[in-house]
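First up is the structure itself, then whatever we jot down about it.
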Amino acid sequence: MAHESDPATYPPVPLHGGLRSSPDSWELWGEIDYAVVESAQPRPGPAHGALHIDASRVTFLDSAGVSLLLLAASAPLRPIILGCSDYARDVLELAGASDLFVWSTTRPSA
C-alpha cells in the first residue's frame, strides 16, 4: 500500500528557477535550490578568462545553490558575478564565500 507521501503518487514540483550555461557564462534566475542544481547541466568555466555569472534575478539560494557557486569559484580565475541580488550576496557573505568572486553591476565590454 502506498503511503500518502510516496513521491511516486504525486507529480514532481515544477522548478521555480533555473540556470542557463554557455562556455563563458551562467545565467541564474528565481529560486536556486537542490532541484534546480540537480536538473541543470552547468558547463565548466571558460578555458581562458573568468566565468561571468548573471545572478541579478536570483530570489532564493539554498546550500545547493551556494555549492554550485563554490564550484564556479574553484576555477583558476575568480568568477565575476554580475548584478547580484542583495539576497544572494547576503547568503554568500554568511557562507564566508563573498571574497571568492569579483562583484560587478555590468558586463564588461568584449
Side-chain angles (χ1 to χ4, degrees):
M1 177 155 109
H3 187 272
E4 285 183 5
S5 64
D6 182 0
T9 62
Y10 296 97
V13 176
L15 299 178
H16 299 288
L19 179 148
R20 183 175 303 118
S21 66
S22 69
D24 63 346
S25 66
W26 291 356
E27 178 186 2
L28 306 170
W29 65 91
E31 300 173 9
I32 308 303
D33 58 12
Y34 179 79
V36 169
V37 172
E38 281 298 303
S39 69
Q41 297 292 325
R43 298 178 190 194
H48 304 287
L51 177 68
H52 292 84
I53 303 170
D54 181 348
S56 60
R57 298 186 299 149
V58 171
T59 59
F60 176 80
L61 194 64
D62 74 357
S63 60
V66 171
S67 293
L68 176 71
L69 292 173
L70 291 176
L71 174 69
S74 67
L77 293 176
R78 289 191 307 166
I80 300 170
I81 295 188
L82 308 164
C84 188
S85 67
D86 289 340
Y87 172 81
R89 187 170 184 148
D90 288 347
V91 170
L92 290 170
E93 285 179 4
L94 286 171
S98 61
D99 291 343
L100 301 176
F101 303 94
V102 174
W103 301 92
S104 178
T105 56
T106 59
R107 181 177 290 278
S109 57

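Heavy atoms only: backbone and side chains are in, while hydrogens, waters and symmetry mates are out.
Y34 approaches D62 most closely through the heavy-atom pair N-OD2, 3.3 Å. Considering every non-hydrogen atom in both V66 and A95, the closest pair reads CG1-CB, 4.2 Å. Minimum interatomic distance between L70 and A97 (heavy atoms only, all atoms of both residues): CD2-CB, 3.7 Å. Contact record, I53 with P79: CD1-CB, 3.9 Å, taken as the closest heavy-atom pair. Shown here for A73 and L100, the closest heavy-atom pair between the two residues is CB-CB, 3.9 Å. Nearest heavy-atom pair across L51 and A72 is CD2-CB, 3.8 Å.
Rounding to the nearest 0.5 Å gives a distance of 6.0 Å between CG of L92 and SG of C84. Interatomic distance, T105 OG1 to I81 CD1, rounded to the nearest 0.5 Å: 13.5 Å. To the nearest 0.5 Å, atom OG of residue S67 and atom CD1 of residue I32 are 13.0 Å apart. Note that the CD1 atom of I80 and the CH2 atom of W103 stand 12.0 Å from one another [nearest 0.5 Å].
Qualifying salt bridge (Lys or Arg N to Asp or Glu O under 4.0 Å) partners for R57, counting only residues two or more places apart in sequence or in other chains: E27.
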Audit row: V36, L68, side-chain contact (heavy atoms from CB on, under 4.5 Å) steps and yes/no
CA-CA 10 Å; V36 169; L68 176 71; over 6 Å; no

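Following chains of ILVMFWY side-chain contacts shorter than 4.5 Å, one can reach L28 starting from F60, so the two form part of one hydrophobic cluster.
Proximity of a side-chain donor or acceptor of W26 to a complementary backbone N or O of L69 within less than 3.5 Å is not detected. For R78 (side chain) and D99 (main-chain N/O), a donor-acceptor pair under 3.5 Å exists by modelled atom type. Checking side-chain atoms of D90 against main-chain N and O of E93 turns up no donor-acceptor pair under 3.5 Å. Checking side-chain atoms of S85 against main-chain N and O of V58 turns up a donor-acceptor pair under 3.5 Å.
The neighbour count for Y87 OH, taken as heavy atoms of other residues, nucleotides or ligands under 6.0 Å away, is above 12.
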